[in-house]
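Quick note: numbers below take in every heavy atom, side chains included, and nothing from hydrogens, waters or symmetry partners. Everything quoted here is computed from the prediction, not taken from an experiment.
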Amino acid sequence: NDSGKLKINVEATTLGSYTAMTIKSDGKIGMGTTSPAMQLHVSHASPARVMISREDNTIVADEEIGRISFGGDDPTNATYQQGCSIMAVADGEWGTSSDSTDAPSRLEFYTVPDGSGTLTERMQIDKDGNIGIGTSAPGHLVQIGHGTSGVSPTLCLKVNSDATSQILFEADDASDRFQLYTNLDGTRANDLLVFRNQDVDSIMVIKGGATPSVGIGATPGYTFDVKA
């Protein structure tokens, strides 16, 4: 049923006439589909792709390439403001003399804090693949910082009671590994923080409770317990 739809057709020598875009009566736009399910629906027989590009042949470092913004017109009707944004930015000069295909870039993720109307950068993935959370200049694969002076950044691995969480350091071929894991049973007295090698050898165990204890080579039976 094509009633209530505006169709834009394209004449092609080899394909004949086909519908390139459809606008339904409810405002939904379909590209490659005549039955868009969302406000903008892009479909293709092969993987569907959407590109946002900057028409500029002299892109330099820190210039914005494009962005996707999320916003609304609350409290003023038809006056829109941004709440979140994902921005693509040049992370160096594009098309250098030594490499015309050079296109270093980074992605920046923004949100607006409570009591403000200004976007604040929260996370970045730079041209080297480094991820920065709370920092705009990550120098490591993952770097966590905090923009407020005197506030320490916190990484939390939260699990249900009687469950294990861990940080795993492992060789590419999994031939060698080191673990830092916790075992929380909900009683606190038996909660453990364990340093392990190869999933077996307990290098050090810290036991919780009113009187914490430390064990080297085994779960501690005393305040400080070393097993040869």
Inset, instruction - Check step by step if side-chain contact (heavy atoms from CB on, under 4.5 Å) holds for Ile167 and Leu157. - result: CA-CA 9 Å; Ile167 299 176; Leu157 302 179; 4.0 Å; yes
Legend entry - Option from Asp128, Asn130, Asp62 for which side-chain hydrogen bond (donor to acceptor under 3.5 Å, both in side chains) with Arg106 holds: Asp62
Cluster question for you: counting only ILVMFWY and a side-chain heavy-atom cut-off of under 4.5 Å, with indirect links fine, are [X] and [Y] together?
X: Ile131; Y: Ile86; result: yes
X: Phe109; Y: Ile133; result: yes
X: Tyr110; Y: Val89; result: yes
X: Leu40; Y: Leu6; result: yes
X: Leu155; Y: Met123; result: yes

Say whether, by atom type as modelled, one donor and one acceptor occur between the side chain of [X] and the main chain of [Y] under 3.5 angstrom.
X: Gln81; Y: Asp74; value: yes
X: Ser105; Y: Ala103; value: yes
X: Asp126; Y: Gly129; value: yes

Between [X] and [Y], which heavy-atom pair has the shortest distance, and what is it?
X: Pro36; Y: His41; value: CA-ND1, 3.5 Å
X: Pro220; Y: Ser213; value: CG-OG, 3.3 Å
X: Phe178; Y: Arg196; value: CD1-O, 3.3 Å
X: Pro113; Y: Thr120; value: CD-OG1, 3.7 Å
X: Gln124; Y: Ser136; value: NE2-O, 3.0 Å
X: Pro104; Y: Lys127; value: CB-CD, 3.8 Å

Reported [atom1]-to-[atom2] distance for the pair [X] and [Y], which is rounded to 0.5 angstrom:
X: Asp102; Y: Ile59; atom1: CG; atom2: CD1; value: 11.5 Å
X: Thr22; Y: Ile29; atom1: OG1; atom2: CD1; value: 10.0 Å
X: Thr34; Y: Lys5; atom1: OG1; atom2: NZ; value: 4.5 Å
X: Glu63; Y: Glu93; atom1: CD; atom2: CD; value: 10.0 Å
X: Thr111; Y: Gln82; atom1: OG1; atom2: CD; value: 12.0 Å
X: Lys24; Y: Ser35; atom1: NZ; atom2: OG; value: 6.0 Å

Inset, instruction - Give the intermediate values and the outcome of side-chain contact (heavy atoms from CB on, under 4.5 Å) for residues Asn197 and Asp176. - result: CA-CA 8 Å; Asn197 185 28; Asp176 195 12; 3.9 Å; yes
Inset, instruction - Would you please test Leu119 and Val112 for side-chain contact (heavy atoms from CB on, under 4.5 Å) and show each step? - result: CA-CA 5 Å; Leu119 289 168; Val112 173; 3.6 Å; yes
Legend entry - Option from Ile216, Val226, Val194 for which side chain to side chain contact (heavy atoms under 4.5 Å, CB included) with Met204 holds: Ile216
Legend entry - Identified side chain to side chain contact (heavy atoms under 4.5 Å, CB included) partner of Glu170 from the options Asp172, Asp173, Leu168: Leu168
Legend entry - Derivation and outcome, side-chain contact (heavy atoms from CB on, under 4.5 Å), residues Lys227 and Asp225: CA-CA 7 Å; Lys227 181 179 180 179; Asp225 198 351; 5.6 Å; no
Legend entry - CG/Asp114: more than 12 non-hydrogen atoms of other groups inside 6.0 Å: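 Counting neighbours around CG of Asp114, 12 or fewer heavy atoms of other residues, nucleotides or ligands fall under 6.0 Å, so no.
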